[in-house]
Amino acid sequence: MQYHDVRVHPESDRLPRADQLAWKIAEVAADPVAVEESVTDMIINRVIDNASVAVASVNRHPVMSARAEALAHRRADGATLFGMGPDVRVHAEWAAWANGTAVRELDYHDTFLAAEYSHPGDNIPGILAVAQQCRRSGADLIRGIATGYEIQIDLVRAICLHKHKIDHVAHLGPSVAAGIGTLLRLPPAIVYQAIGQALHVTTATRQSRKGEISSWKAYAPAHAGKMAVESVDRAMMGETSPTPIYEGEDGVIAWMLDGKDARYSVPLPMAGEPKRAILSSFTKEHSAEYQSQALIDLAFRMGKKITNWDDVADILIETSHHTHYVIGTGSNDPQKFDPGASRETLDHSIMYIVAVALQDGEWHQVRSYAPERARRPDTVRLWQKIRTVETPDWTARYHEADPNKKAFGGRIIIRMKDGSVLEDELAVANAHTLGAAPWVRADYIRKFRMLAEGVVPEAEVARFLEIVQRLPTLEAGELHLLELLIPAQDMQQNTAQGIFNFGQVQGAAAIRQPAELTS
């Protein structure tokens with residue numbers, strides 16, 4: 001890896017394009033380096049994982065709404081929508097919108113955590129949509145996804161957004177744009193402009209993940225993916241972007257992040273160096289915020305030792321800064337203790353999650369969040385007894401550069417009314433690469449089958465799994481075969497009044513072929 005010094009430059013100090021972070025990212029995107037076999041295998045795993053969680057959320061209201069909007073932008077040779085089969089096509093940017101919402105809705109796909117937070121699987125819907133519309137091959141898609149993961153993870157390693165209350169999808173717009181640039185083999189000059197545009201239009205506040213969390217949490221990454229598709233489209237037509245987007249005196253770093261005196265060291269692969277970042281990301285076994293994964297596994301283990309929940313005096317969770325301040329009591333969000341809170345809010349309450357995991361010894365993407373589950377009296381009483389605290393050791397392990405020492409768990413201390421104490425800790429989730437049961441291809445397939453059961457016919461499940469596992473050999477125009485077909489009677493649609501009728505509107509993005517470029 002090569003580390004790039006990134007800081008604010010005043011207008012009087014004209015920063016050459018070649019020294020700008022957006023250009024350096026564009027050069028990585030344009031590098032034709034081969035994708036390693038281990039990376040290809042993991043990309044297939046994550047495509048399966050995305051399909052799993054999209055299928056599970058296909059009839060949830062935000063997903064139906066996004067799909068309704070996308071279906072108003074049909075395109076005969078466009079991209080596909082989750083669940084609607086290969087024959088229903090829409091403009092690529094609208095497929096990125098609808099499919100991105102489906103992937104994120106349950107917060108059940110992969111994660112990477114460092115200076116910032118991310119779900120790098122959010123890169124896949126936008127890159128796949130463009131690959132389908134532009135009739136690219138499976139190998140092209142793999143190259144694009146490898147870049148998307150690389151750029152997002154490298155930005156997440158170096159630049160903290162949440163400290164300034166900027167939503168983490170600000171790193172996603174540039175990474176999707178870069179991934180599409182790799183997919184289409186675009187020159188750095190075009191990818192550079194697309195990255196600048198994508199970043200400029202995808203910065204937003206973290207209020208979407210604070211307090212009473214709304215359905216926008218699922219839409220936010222889909223919006224970033226859609227904006228990235230449109231940014232690439234405009235750049236391919238010769239349109240330019242604000243520059244320097246990161247380093248300018250009125251740019252993102254100067255006014256949204258650490259200010260004019262900030263310095264960041266951003267790692268990026270050197271020319272000819274394989275893009276391996278996806279191997280540093282981790283999947284979710286449980287449908288909950290990633291910082292809760294290890295604590296859920298730990299709660300399963302500890303809950304077996306308690307027979308009467310009313311015998312518990314209090315529970316303390318010692319954990320990292322992020323867990324304490326974002327999903328713990330350090331957030332000072334009263335909604336995190338509200339039995340009537342939204343699913344999105346409960347997903348970001350480690351107090352609720354630990355209470356249910358202790359009692360149930362399992363975690364389910366629907367049952368664990370059901371209103372009747374959240375309002376169960378003994379659960380509410382236990383939930384109110386839980387608090388979190390940040391400890392320096394867990395925060396240091398969270399930020400540890402060595403992946404073999406990095407940890408996202410914590411220590412649970414249960415004090416009983418009789419004075420006895422139960423305590424235990426877990427550094428990483430069981431499914432983590434260093435966990436008790438690291439996930440392999442069979443686990444991703446098991447998760448897909450579990451979430452597809454009762455939704456997707458068995459023959460269609462088998463067909464999809466056969467196709468996706470030969471992704472590297474799919475030829476140009478065959479990527480639509482990655483779409484799943486759910487019977488019409490099982491696909492609910494949002495027919496609520498107030499949906500705008502865009503039926504006669506033609507979508508904007510053409511996503512031109514490189515041969516059509518005039519510059």
Side-chain angles (χ1 to χ4, degrees), residues 107 209-213 286-395 398 407-427 429-430:
D107 208 349
R209 298 165 204 284
K210 179 74 174 173
E212 186 175 345
I213 301 175
H286 313 298
S287 178
E289 169 77 8
Y290 191 81
Q291 279 73 18
S292 67
Q293 300 293 304
L295 291 171
I296 289 173
D297 290 333
L298 179 57
F300 291 167
R301 193 162 78 197
M302 298 180 74
K304 297 175 182 178
K305 301 176 182 178
I306 301 174
T307 56
N308 185 348
W309 302 107
D310 287 328
D311 288 341
V312 174
D314 58 61
I315 299 175
L316 178 65
I317 302 173
E318 296 178 347
T319 188
S320 68
H321 178 279
H322 170 76
T323 306
H324 175 57
Y325 284 103
V326 176
I327 63 174
T329 49
S331 68
N332 295 315
D333 289 345
Q335 298 89 344
K336 287 181 168 48
F337 286 99
D338 181 4
S342 67
R343 182 196 189 281
E344 291 81 6
T345 301
L346 296 177
D347 169 64
H348 280 61
S349 170
I350 192 61
M351 293 72 69
Y352 172 77
I353 290 169
V354 166
V356 173
L358 281 168
Q359 291 184 325
D360 293 359
E362 67 164 11
W363 197 263
H364 189 270
Q365 72 276 5
V366 176
R367 293 192 300 272
S368 297
Y369 294 105
E372 61 272 19
R373 185 66 195 82
R375 294 169 181 157
R376 207 173 87 186
D378 67 326
T379 298
V380 174
R381 291 195 298 273
L382 183 64
W383 180 4
Q384 303 295 323
K385 297 174 183 177
I386 301 175
R387 65 185 178 93
T388 65
V389 63
E390 176 197 2
T391 65
D393 179 59
W394 284 107
T395 295
Y398 178 97
F408 305 107
R411 185 171 190 81
I412 297 178
I413 303 168
I414 303 174
R415 189 170 62 88
M416 307 300 287
K417 290 179 179 177
D418 64 5
S420 61
V421 176
L422 296 173
E423 54 184 313
D424 201 352
E425 67 177 50
L426 190 62
N430 292 341

Considering all heavy atoms of both residues, which atom of [X] and which atom of [Y] are nearest to each other, and what is their separation?
X: Ile315; Y: Val312; value: CG1-CG1, 3.8 Å
X: Phe300; Y: Trp363; value: CZ-N, 3.5 Å
X: Trp394; Y: Ala407; value: CZ3-CB, 4.1 Å
X: Ile412; Y: Met302; value: O-CE, 3.5 Å
X: Leu295; Y: Gln291; value: CD1-O, 3.9 Å
X: Ser292; Y: Ile350; value: CB-CD1, 3.4 Å

Exercise for the section: Give every residue pair that meets the salt bridge (charged side-chain N to carboxylate O under 4.0 Å, His left out) criterion with at least one member in residues 294-308, sequence neighbours excluded. Expected result: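 Output for this query lists Arg301-Asp424.
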So [Y] and [X], do their side chains get closer than 4.5 Å, heavy atoms only?
X: Leu346; Y: Val356; answer: no
X: Trp309; Y: Arg381; answer: no
X: Ile317; Y: Ile386; answer: yes

In Å, rounded to the nearest 0.5 Å, how long is the span from [atom1] of [X] to [atom2] of [Y]?
X: Ile413; Y: Leu422; atom1: CD1; atom2: CG; value: 11.0 Å
X: Asp347; Y: Tyr352; atom1: CG; atom2: OH; value: 10.5 Å
X: Leu298; Y: Glu425; atom1: CG; atom2: CD; value: 8.5 Å
X: Leu382; Y: Ile306; atom1: CG; atom2: CD1; value: 7.5 Å
X: Glu372; Y: Thr379; atom1: CD; atom2: OG1; value: 11.5 Å
X: Ser349; Y: Trp383; atom1: OG; atom2: CH2; value: 6.0 Å

Quick one: which of [options] gives a side-chain hydrogen bond (donor to acceptor under 3.5 Å, both in side chains) with [X]?
X: Thr395; options: Glu390, His324, His322; value: Glu390
X: His348; options: Arg343, Glu289, Gln335; value: Glu289
X: Asp314; options: Lys385, Gln384, Arg415; value: Arg415

Problem - Check against side chain to side chain contact (heavy atoms under 4.5 Å, CB included), Gln293 and Phe408 - result: CA-CA 8 Å; Gln293 300 293 304; Phe408 305 107; over 6 Å; no
Between [X] and [Y], is there a donor-acceptor pair closer than 3.5 Å when you use the side chain of the first and the backbone of the second?
X: Ser320; Y: Gly409; value: no
X: Ser368; Y: Gln365; value: no
X: Lys417; Y: Asp310; value: yes

Problem - Side chains of Asp393 and Thr391, donor plus acceptor under 3.5 Å - result: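 No donor-acceptor contact under 3.5 Å links the two side chains.
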Handout entry: Presence of salt bridge, Asp360 and Arg373, under 4.0 angstrom
Key =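 Between Asp360 and Arg373 there is a salt bridge, with a charged N closer than 4.0 Å to a carboxylate O.
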Problem - Check against side chain to side chain contact (heavy atoms under 4.5 Å, CB included), Asp418 and Asp311 - result: CA-CA 8 Å; Asp418 64 5; Asp311 288 341; over 6 Å; no
